[in-house]
Amino acid sequence: MKPVQGPMRYQPEQFEAHWQNVWEEKGAFRTPQDLATLQKKPKYYVLDMFPYPSGSGLHVGHPEGYTATDVVARHKRAQGFHVMHPMGWDAFGLPAERAAERENIHPAIITKRNIDNFRRQIKRLGFSYDWQREVSTTDETYYRWTQWIFLKLYEKDLAYLAEVPVNWCPALGTVLSNEEVKDGVYVETGDPVERRNMRQWMLKITAYAERLLDDLDLLDWPESVKDMQRHWIGKSHGAHVYFAIAGYQGRLDVFTTRPDTLFGATYCVLAPEHPLVQNITTEAQREAVNTYIRETNSKSDLARTDLAKSKSGVFTGAYALNPVNDTPIPIWVADYVLMGYGTGAIMAVPSHDERDNEFAKQYDLPIVRVVDDLGFLEHSDFLDGLGVEEAKIKIIEWLEFNKQGKGTVQYRLRDWLFSRQRYWGEPFPIVLLDDGTHVALPESALPVTLPPIDAYKPTETGEPPLARAGDAWLMVELPDGRRGIRETNTMPQWAGSCWYYLRYLDPHNTKAAVARDLEQYWMPVDLYIGGVEHAVLHLLYSRFWHKVLFDCGVVSTREPFQKLFNQGMILAYSYRDARGKYYGPDEVIEKDGLWFTHAGEPVATQSEKMSKSKLNVVNPDDVIDRYGADAMRLYELFMGPLDQVKPWQMTGVEGVYRFLQRVWRLVVNELTGEIVVGAGLAPPLLEKLLHRTIKKVHEDTELLRFNTAISQMMIFVNEATAHTPLPRSILDVFLRLLSPYAPHIAEELWSRLGFEGLCCAQDAPKFITSMCEDDTITIVFQVNGKRRADLVVEKGLDKAALEQLALSDPKVIKHLEGKPPKRVIVVPGKLVNIVC
RNA sequence: GCCGGGAUGGCGGAACGGUAGACGCUAGGGACUUAAAAUCCCUUGUCCGUAAGGGCGUGCGGGUUCGAGUCCCGCUCUCGGCACCA
């Protein structure tokens, strides 16, 4: 047959949308809601991380994880599971609010516009989501339950108002949580953050620190993500040590992980914000201390971090008394000690702590060694000669016995700053009373909906935007007659994404966040795929809420996400000239491996994160327009292992597109459109290859090794092409195998071949083990570990026979060079290695 | 600085301790075509050689093993994360 591309060639644009409509109309991916039906099959819950529908739409990085979960979802359905595979929108948040400000449109309208665009783009890929379960955090029917969960937190005393130093971001006009700030800037935008004291809502995540840490062991997560969480929680064992202060009544508590080095403490340091500073500073030092504190306060967090290279501090004039020997040691103030950790005060042991050492050298403070090179205590009285661990135990006993301190556990984790001074978020179901107290609204008052306001910015007096709402919204009369004003802060964006995986299970329930029996059937999430950027933020917050809900009896599992998998970022090639100016892919040409602008100027090429400023963003719409959704899906997965960072290459899309064309030609005559089906049986070798392919695709899909699964299907199609026309039995099996990966072409060819029903609704093909094995095998002959020959032999030859064959092989004889074999290693079915 | 990944052809990547480079791309050659596109076939790690064949090859240096991309020790580079947390 002449391989010509005819008029009836593979044209995905002619049928992809059609099949998407058919799936939707027939409810092919709708998951039953009725428990009796559900319980007839095992369940599988495969979840994508909740996308934020941004104004710029999707780029090709987004659908990587979505394609992976979709293949798994379709695969599991075909394996006989009820599959939960939903999609929705984490749609509260700043960008929509800023766009609203710019365009003077309500953020809800911006949000709807963005969601519509995201949904359209996602739907074009033919994912098997159950769209009847779509949720958006911004819907009243959704955030009603976010508020309800907040009430649970409030009831359990896990939500409280506190005057705390917060991360205030002037550019955003709001506070941020610790997790959102790094090096003094907001991690998302790089806007600087400063420290302020404000009265804010906090969630007591620290009360769950131990469980959040321990239960990580139950999870099938990447070890790196668990490590990041462990580090964030930052549990450390140590002791509080109480220092008396010369000439002052109060005492100074310090936290140390090295109580064993107490005899080496030569000074103490307080954080500049420490309340004792003002009390203990002597008159002689007061001015110097106040000056230092003023300087520190004026430094931004960023400057504090930058200046970390050199330490600074000032002497308070006061002396602490070392509890073990009453030695007076000076108390300093320095900003290398943080108020937010431990007690905000330390005992400095410059001999065994790098930071203290640097400080001591800078200010000429004494350094006393108390642990020798072998790790034994010295100059430490009753601790002398002990190892560090023994000494720790002994000194803690001593401190506790003498009431001079106690052994403690300290966490790095701090409570979660939970309020934001923005409009586009969930209002708190809280009323502030005249007397300064606050009360939670009853459940019947939910939802507290967002009122219309005239502008999405703070008031003249610096109050949050919600303070602009009229009295009708702001003023509340409680059932008992008391009057108050509504809380005008809103919840952070993380709130809605903390529990969305539960709402998908029962999205239209008006009586509960999720029905108990459905929750029990579906939870936990079996596979959760998303980017590593949420390793701490979302995944820690979400686990915390889940545990609270567990304690409330709302959920039945200790952890929400059993298996987590991080997809690697997709990069794209960018082109930059010597001056650093970027060029788009259309503006450059390749010549002998080097790249030039059309004007002939050389440009350097590198693969970088996609961004508008680098002119290297690839839009899935463009890819689908040219190659279709199936090619897009296949390429997303064929590029390489899912968890690896890898660059997008348009030529690679052409490769999988050509593969799909070959699949097409297995069934359709491109010139006439006729269906090409042969009579009789397939050649036995092709049949065997098919079974091996089923096996490999099945195994690789289970292990999320999609790239090698696709590669195996390519091998099959390359071979099958040589044997057209293929019998129906072969096509039947192969199309069902291909369907999870390239569902549109599978459906189209399935239908053209006149098979019953929808291809995506069929059972997965099964392989026969005996069919996966060859009758003959190739045995490799090695001489001294080097491959010298091979031989095709029957299966099942024993070691002696294989050894005989190897020793009589002419090439082997040649390489033995007449030397007698010293040793022969025979690996049946594989090789023979002759050592001489 | 600390904690994790990673390093294999021109490129993306394959390889239960057992034939390194599957599959795809790119490039070159050929077929088809008036021509081009598309498609199909062949070649494509590198060096020597007309060939047959052979040498060398998985970031670097050692080691274990009959045999190492794979395991161990010590480095280099690179990408993430954390970073005055006492």
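From a predicted model like this one, the values you see are computed outputs, not experimental measurements. Naming convention: chains lettered A, B, ... in sequence-line order (proteins, then strands); numbering from 1 in each chain.
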A.B. asks: Could you please name the option among B:G81, B:G13, B:C84 that lies closest to any side-chain atom of A:Q644?
C.D. replies: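 Closest nucleotide to the A:Q644 side chain: B:G13.
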A.B. asks: Where the side chain of A:I825 is defined as all heavy atoms beyond and including C-beta, which of B:C82, B:G18, B:A86 is the nearest nucleotide?
C.D. replies: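 Selected nucleotide: B:G18.
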A.B. asks: A:W332 vs A:Y363 aromatic rings, parallel, tilted or perpendicular, using cut-offs 30° and 60°?
C.D. replies: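 Rings of A:W332 and A:Y363: tilted, 30 to 60°.
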A.B. asks: Please report, rounded to the nearest Å, how far the C1' atom of B:U39 is from the CZ atom of A:R658.
C.D. replies: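 After rounding, the gap between these two atoms is 10 Å.
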A.B. asks: If you take all heavy atoms of A:I745 and A:V663, which pair is closest and at what distance?
C.D. replies: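 Closest heavy-atom pair between A:I745 and A:V663: CD1-CG1, 4.1 Å.
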A.B. asks: How would you label the contact of A:I715 with the nucleic acid (heavy atoms, under 4.0 Å): base, sugar-phosphate, or nothing?
C.D. replies: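 A:I715: backbone/sugar contact only, no base atoms under 4.0 Å.
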A.B. asks: Could you give the CG-to-P distance, from A:N833 to B:U19, as a whole number of Å?
C.D. replies: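 Those two atoms, CG and P, are 11 Å apart.
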A.B. asks: Check this for me: does the side-chain of A:K311 come within 3.5 Å of the base of B:C84 through a donor and an acceptor?
C.D. replies: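 Side chain to base: pair found, below 3.5 Å.
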A.B. asks: Has A:Q782 got a side-chain N or O lying under 4.0 Å from the OP1 or OP2 atom of B:G18?
C.D. replies: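 Checking B:G18 against A:Q782, no side-chain N or O comes under 4.0 Å of OP1 or OP2.
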A.B. asks: Counting Watson-Crick and G-U wobble pairs only, both distances under 3.5 Å, name the nucleotide matched with B:U64, or none.
C.D. replies: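 By the stated definition (distances under 3.5 Å), nothing pairs with B:U64.
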A.B. asks: It should be established whether A:R787 places a side-chain nitrogen or oxygen under 4.0 Å from OP1 or OP2 of nucleotide B:G57.
C.D. replies: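 Checking B:G57 against A:R787, no side-chain N or O comes under 4.0 Å of OP1 or OP2.
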A.B. asks: With syn defined as a glycosidic angle within 90° of 0 and anti as the rest, where does B:G29 land?
C.D. replies: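 Anti, angle beyond 90° from zero.
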A.B. asks: Quick one: label A:H815 by what it contacts on the DNA or RNA (base, sugar-phosphate, nothing), any heavy atom closer than 4.0 Å.
C.D. replies: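 Touches sugar-phosphate only.
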A.B. asks: Heavy atoms only, 4.0 Å cut-off, all strands: where does A:V780 land among base, sugar-phosphate and nothing?
C.D. replies: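 Base contact.
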A.B. asks: Calculate the interatomic distance between A:I777 atom CD1 and B:U19 atom C1'; express it in whole Å.
C.D. replies: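 Spelled out: CD1 on A:I777 to C1' on B:U19 is 14 Å.
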A.B. asks: For A:N718 and B:A22, is the shortest distance between a side-chain N/O and OP1 or OP2 below 4.0 Å?
C.D. replies: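 So the side-chain polar atoms of A:N718 never come under 4.0 Å of the phosphate oxygens OP1 or OP2 of B:A22.
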A.B. asks: Heavy atoms only, 4.0 Å cut-off, all strands: where does A:P222 land among base, sugar-phosphate and nothing?
C.D. replies: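 Touches nothing.
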A.B. asks: Ignoring hydrogens and geometry beyond distance, is a side-chain donor-acceptor pair present between A:Y336 and A:D356 at under 3.5 Å?
C.D. replies: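 Yes, A:D356 and A:Y336 have a side-chain donor paired with an acceptor closer than 3.5 Å.
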A.B. asks: Looking only at side-chain N and O atoms, does A:S224 come under 4.0 Å of OP1 or OP2 in B:C3?
C.D. replies: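 No.
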A.B. asks: Decide whether A:Q606 and A:Y573 meet the rule of one side-chain donor and one side-chain acceptor closer than 3.5 Å.
C.D. replies: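 Not at all, the side chains of A:Q606 and A:Y573 share no donor-acceptor pair under 3.5 Å.
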A.B. asks: Can you find a side chain N or O atom of A:N707 that sits less than 4.0 Å from OP1 or OP2 on B:A14?
C.D. replies: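 A:N707 to B:A14 OP1/OP2: side-chain N or O found under 4.0 Å.
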A.B. asks: Nearest 0.5 Å, please: how far is CG in A:D335 from OG1 in A:T296?
C.D. replies: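 That separation rounds to 5.0 Å.
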